Amino acid sequence: MRGMRLIWQLYPPFFFVLLVALAALTLYDAASLKSVYEHETDLHLERLARVLAFQVLPYDAATPVGRYEEIARKAGRASSYRVTILSAEGTVLGDSEVDPASMDNHHDRREIREALAGRVGHVRRFSFTTQRETAYVAVPAVRDGQTVAIVRVGVDAKAAAGAMRHVYLRLLLGTLLVALVAVGLSLLAVRRLARQIEAVKQYAEGYARDETAARLPVSDSFELAGLANALNRMGARFAARMEEILRQRNELDSVLTGMIEGVIAVDLDARVINLNDTAAKLLSTTRAEACGRTIQEVIRNTSIQRLVAKTLEGSGPVEADITLFRDGERTLKGRGTVLRDGAGRAIGGLLVLDDVTKLRRLEAARRDFVANVSHEIRTPITSIQGYVETLLEGALEDRENAERFLRIVHAQAGRLNALVNDLLTLARLEQDQSPARLAREPVRIKELIDDALRICEPLATNLNVKIDANCDPDLRASLNAALAEQALVNLLDNAIKFSEAGGGVEVSAAHENGEVVIRVRDHGCGIERQHLSRLFERFYRVDRARSRKQGGTGLGLAIVKHIAILHKGRATVESTPGEGSTFALYFPRD
């Protein structure tokens, strides 16, 4: 039986829906663009009006009217907008386009009434003075809580409409282009779907040769009708074998040897039917030892035993987190489901164990990193916002406090910039973790130390810290000079900051056991033993208050560690409280 082809059933409705959707989207976008454009225009006019209001604010009743007209005309010429300055009674004091003496009192204008009420007045209307549609924004000039003047800025609405017509035209052209492309692609997609269904029919007919009693409903679609006929022929042939195949598949094929997850099949008595190599490794056993034994005998882990029991008791999937203490602590994600035969009877359970140890550690590290970054960034941002708000609220008039606040804002912005730069540096180092791709060349260690000392010299001079260097001029190593210098500068920066005024820092380099070792030693307060193992972690601080006071970002030593790893080396620290600390960089000599 032949029916209508699938392409003619799908394509016309799809084409109609597509056109309707594009038309609706175009109208919505046009309305949205107009609204956004008008809103941005009003904001721009309001900003200009507020600036002019500040210029008018110092003037009083004794100010000549010509001064107001001069301000209005200069602002109008500079901005191409109509600028009007009015008194609190609505009298026009100055206008950029019209002689104020020829203008009526504007006290009854809606935007003026809004401004006199202490609000920003917005209105679009026909101006009888300029004989054109105009968008107005009026703001009050307030002194000592009283409105002393009103500044109104207007723009020709017809010019704005002309600009929007250009945008509408481009939007319409873009929509038509999208419609044409979508129509073509949809036609190809529908035709491809029809071909796929036809291919499935041909594939099914390859397995079916005889008719059977069981039949599928035949669709009026040409392709689906052929598919139903083919599946009807296939169904009869496989029906007799289905029950046997299902049992064998549930019992024998449930364990897939190629899975990276651990898979265990148990019967209703919780005896192991089979398990794959991954599961055997996780449970520290073998297939031969585990098969035929209960799960309690295979492993003495209450979490796994409870998961098996819940799986056999329930009718749906169950999940549980499992912790194993073999070869260190490991976290597994366990999932269990009931195994059923062809008749739907439960014959056992299937457990899938997924080792998520690394994933959980990464999630914990990510949470800690996000929390630390958020905390470190929030502090300078909060400080900057607070002082800027103070300045905006009137502290700008107090020059001494304003300068002090601005210096604090500048310092906090510098701190934020340093934090972002260190984060970017750390991200770049982590992205290129392959030492093989690192560009290296023979470098004189003495020159490397001298370059780092020149960078740190201003800080050392400012804090009255003396730096001594001791290095063989002929000592060399294959390094990336820029990265190695950055690591050494970070160590020197820390050593200088944590040294007392008048103290000293020693830098030395030597060849030891096939490695070049650069040591930076300070005589500061030292570090307690419990902090040493975590000192190279991101944002880890021994004394947070002191670190922030000295301007540290908490990322310097983490950058040092990654630079050392990229060179196939390492970074170490030794410290004694009250005596100082020694940081060392180990680089392969070749």
Side-chain angles (χ1 to χ4, degrees), residues 203-204 207-208 212-214 216 231-232 234-363:
Y203 179 79
Y207 284 91
T212 64
L216 291 173
L231 291 177
N232 282 333
M234 290 178 60
R237 186 168 183 176
F238 290 107
R241 303 179 185 177
M242 187 59 65
E243 184 175 351
E244 179 184 0
I245 292 175
L246 287 174
R247 181 181 294 275
Q248 291 177 352
R249 187 183 63 184
N250 287 336
E251 292 181 355
L252 301 177
D253 297 337
S254 60
V255 179
L256 304 176
T257 56
M259 293 180 63
I260 61 174
E261 295 87 356
V263 182
I264 306 171
V266 298
D267 61 17
L268 294 176
D269 296 324
R271 293 185 180 275
V272 177
I273 301 173
N274 206 345
L275 75 165
N276 64 356
D277 294 337
T278 304
K281 185 177 180 181
L282 289 173
L283 304 182
S284 300
T285 186
T286 63
R287 289 188 178 184
E289 292 177 354
C291 290
R293 301 171 63 188
T294 65
I295 196 70
Q296 291 84 357
E297 294 175 308
V298 174
I299 183 170
R300 299 186 181 278
N301 185 288
T302 56
S303 298
I304 293 180
Q305 294 170 5
R306 282 196 298 268
L307 178 61
V308 172
K310 290 182 179 179
T311 301
L312 297 177
E313 291 173 0
S315 57
V318 295
E319 295 185 0
D321 288 337
I322 300 166
T323 302
L324 295 180
F325 295 94
R326 298 185 179 185
D327 299 328
E329 183 177 339
R330 308 181 75 174
T331 302
L332 307 180
K333 184 70 174 180
R335 301 177 180 86
T337 187
V338 177
L339 289 177
R340 300 185 183 278
D341 60 13
R345 297 184 297 268
I347 59 173
L350 181 69
L351 273 67
V352 179
L353 304 177
D354 189 8
D355 189 348
V356 295
T357 305
K358 291 183 179 179
L359 180 61
R360 294 293 170 81
R361 289 174 181 170
L362 288 173
E363 288 177 350

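Since this is a predicted model, take the numbers as computed values, not measurements.
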From the list V266, V318, L350, side chain to side chain contact (heavy atoms under 4.5 Å, CB included) partner of T311 resolves to V318
Which heavy atom in I273 sits nearest to a heavy atom in C291, and how many Å separate them? O-SG, 3.5 Å
From the options L307, V272, V263, select the one residue that forms a side chain to side chain contact (heavy atoms under 4.5 Å, CB included) with L351. L307
Is any side-chain heavy atom of I304 less than 4.5 Å from a side-chain heavy atom of I295? yes
Would you say R271's side chain and G292's backbone share a donor-acceptor pair under 3.5 angstrom? yes
Please tell me if the side chains of R335 and D354 come closer than 4.5 Å, counting only heavy atoms from C-beta onward. yes
Is Q305 reaching over with its side chain to a backbone N or O of I299, donor-acceptor style, under 3.5 angstrom? yes
Smallest heavy-atom separation, A270 atom then V308 atom, equals CB-CG1, 4.1 Å
For the pair D267 (side chain) and D269 (backbone), establish whether a donor and an acceptor sit closer than 3.5 Å, ignoring hydrogens and angles. yes
